[in-house]
Amino acid sequence: MIVTTSIQPAPETEARARQYARELGFYYVLRRSDSLTRMAAKYSEGRLLVVSERDLRYYDHQEPHFSFHPSMAFVRVKRLRNGERDTMLEVSGCKPGDTIVDCTAGLGSDAIVFSYAAGSAGNVIALESQPLISLIVREGLQRYDTGLSDVNDALRRIEARCEDHLAALAAMPDKSCDIVYFDPMFRSPIHTSSSLQPLRASANSGELREQAVREAVRVASKSVVLKEHRKSGEFERLGFERRATNTSKIVYGVITP
């Protein structure tokens, strides 16, 4: 993969692009006046990360490009602003001031909802093991403008880390957070949006490990939550109690430490 910039980038943007290339272990290439199609052909590389003043855009061959967007998280937060309920928050018991560890952050949607609900006194740690996804989401959380200052604040408060969740949990003291959350569903075809396809190959496709759940139970003081398909056998395999649904396809399971 190559990392480049928008045409005629500001010096700060070019510096960021070089930094991201080093962070990901990819090549940085000067954009000059080349089109992205021409660059892909010139370097025989269909995967491009384009850094602009506003965002990061990832292109993978013929797929539509991907850039960070809060997507359904923004809809859910606007509902919370209107006094409506959110199933994930109710199942987890999330309250203002809580500390939440999102172990499978993916595109950050659930972390955003948790951050808004936990408020300025709360803390959300969003763990994502895949460097490319983690980088795009980390930068998006810091730069995306929703047009609502309180929602922007919720995005900025999230601590995004590129880290394996088992290692992160194992390093945490007993009962050092309130909620540990798992949503391994990004690897699954339930996500039908074509905008997600460029990142599909970069997602972690591994199953949730029993050891990770044991560490989560040790670390959480309030709840450990798993989001999965309604027909999934993961709840029984990992010891979660099915509690509630938010659609006909999705179920939440809970372990109360």
Side-chain angles (χ1 to χ4, degrees), residues 1-75 77 102 104-112 115 126-148 151-152 154-156 158-163 185-187 189 191-205:
M1 187 174 89
I2 60 176
V3 180
T4 189
T5 64
S6 52
I7 294 175
Q8 297 182 332
E12 186 270 346
T13 300
E14 184 174 351
R16 284 171 49 224
R18 291 180 183 275
Q19 173 195 327
Y20 299 152
R22 290 192 297 269
E23 183 176 334
L24 295 171
F26 298 129
Y27 293 105
Y28 170 74
V29 177
L30 288 172
R31 176 70 179 273
R32 304 188 192 280
S33 59
D34 285 344
S35 69
L36 296 180
T37 301
R38 185 175 179 182
M39 290 190 74
K42 182 188 297 186
Y43 296 99
S44 300
E45 177 57 77
R47 297 188 303 151
L48 303 170
L49 182 65
V50 180
V51 182
S52 73
E53 282 73 12
R54 294 187 308 166
D55 61 10
L56 307 182
R57 286 169 283 139
Y58 175 63
Y59 297 81
D60 186 359
H61 302 283
Q62 301 302 314
E63 300 286 1
H65 82 270
F66 174 81
S67 58
F68 176 83
H69 189 283
S71 189
M72 280 302 298
F74 190 38
V75 176
V77 168
D102 183 346
T104 47
L107 304 183
S109 293
D110 289 327
I112 292 169
S115 183
L127 305 174
E128 171 54 50
S129 63
Q130 300 305 300
L132 176 62
I133 297 174
S134 180
L135 174 64
I136 293 173
V137 173
R138 183 190 78 200
E139 294 303 300
L141 290 171
Q142 292 304 309
R143 294 176 180 276
Y144 190 89
D145 183 5
T146 67
L148 298 171
V151 183
N152 287 345
L155 269 64
R156 309 296 185 260
I158 297 171
E159 181 184 352
R161 299 184 192 170
C162 183
E163 192 171 353
M185 291 177 58
F186 180 62
R187 68 178 189 268
H191 295 284
T192 57
S193 172
S194 61
S195 66
L196 301 182
Q197 293 309 314
L199 288 181
R200 183 74 62 202
S202 298
N204 188 334
S205 60

Side chain to side chain, [X] and [Y], heavy atoms closer than 4.5 Å:
X	Y	value
Leu107	Phe66	yes
Leu132	Leu24	yes
Tyr28	Thr5	yes
Ile158	Ile112	yes
Val51	Val3	yes
Arg143	Phe68	no
Leu49	Arg57	no
Asp55	Glu139	no

**Message:** Tell me every residue that passes salt bridge (Lys or Arg N to Asp or Glu O under 4.0 Å) with Arg161, counting only those two or more places apart in sequence or in another chain.
**Reply:** Glu159, Glu163

For [X], which residues count as a side-chain hydrogen bond (donor to acceptor under 3.5 Å, both in side chains) partner, sequence neighbours excluded?
X	result
Arg16	Tyr20
Asn152	Asp145, Thr146
Asp110	Arg76, Tyr181
Gln142	none

N/O donor to acceptor pairs below 3.5 angstrom from side-chain atoms of residues 8-15, sequence neighbours left out:
| from | atom 1 | to | atom 2 | distance (Å) |
| --- | --- | --- | --- | --- |
| Thr13 | OG1 | Glu53 | OE2 | 3.1 |
| Glu14 | OE2 | Arg18 | NH2 | 3.1 |

Side chain [X], main chain [Y], donor-acceptor under 3.5 Å:
X	Y	result
Ser6	Ser52	no
Glu128	Cys162	no
Arg31	Asp34	yes

**Message:** Return the OG to CD1 distance between Ser67 and Ile136, rounded to the nearest 0.5 Å.
**Reply:** 8.5 Å

**Message:** As an exercise, state the distance from CD1 of Ile133 to CG of Leu135, rounded to the nearest 0.5 Å.
**Reply:** 11.0 Å

**Item:** Residue pair Leu36 / Val50: nearest heavy atoms and the distance that separates them
**Value:** CD2-CG2, 3.7 Å

**Complete:** Heavy-atom closest pair (Ser109 atom, Ala73 atom, distance to 0.1 Å) is O-CB, 3.3 Å

**Request:** Take Ile2 and Met39, measure what side chain to side chain contact (heavy atoms under 4.5 Å, CB included) needs, and give me the verdict at the end.
**Result:** CA-CA 9 Å; Ile2 60 176; Met39 290 190 74; 4.3 Å; yes

**Message:** Please check if the number of heavy atoms outside Arg156 that lie under 6.0 Å from its CZ is greater than 12.
**Reply:** yes

**Polar side chain donor-acceptor pair, Tyr144 to His69, under 3.5 angstrom** = yes

**Request:** Measure from NZ or CZ of Arg47 to the centre of the six-membered ring of Phe26, then state whether that distance is under 6.0 Å and the direction lies within 45° of the axis.
**Result:** yes

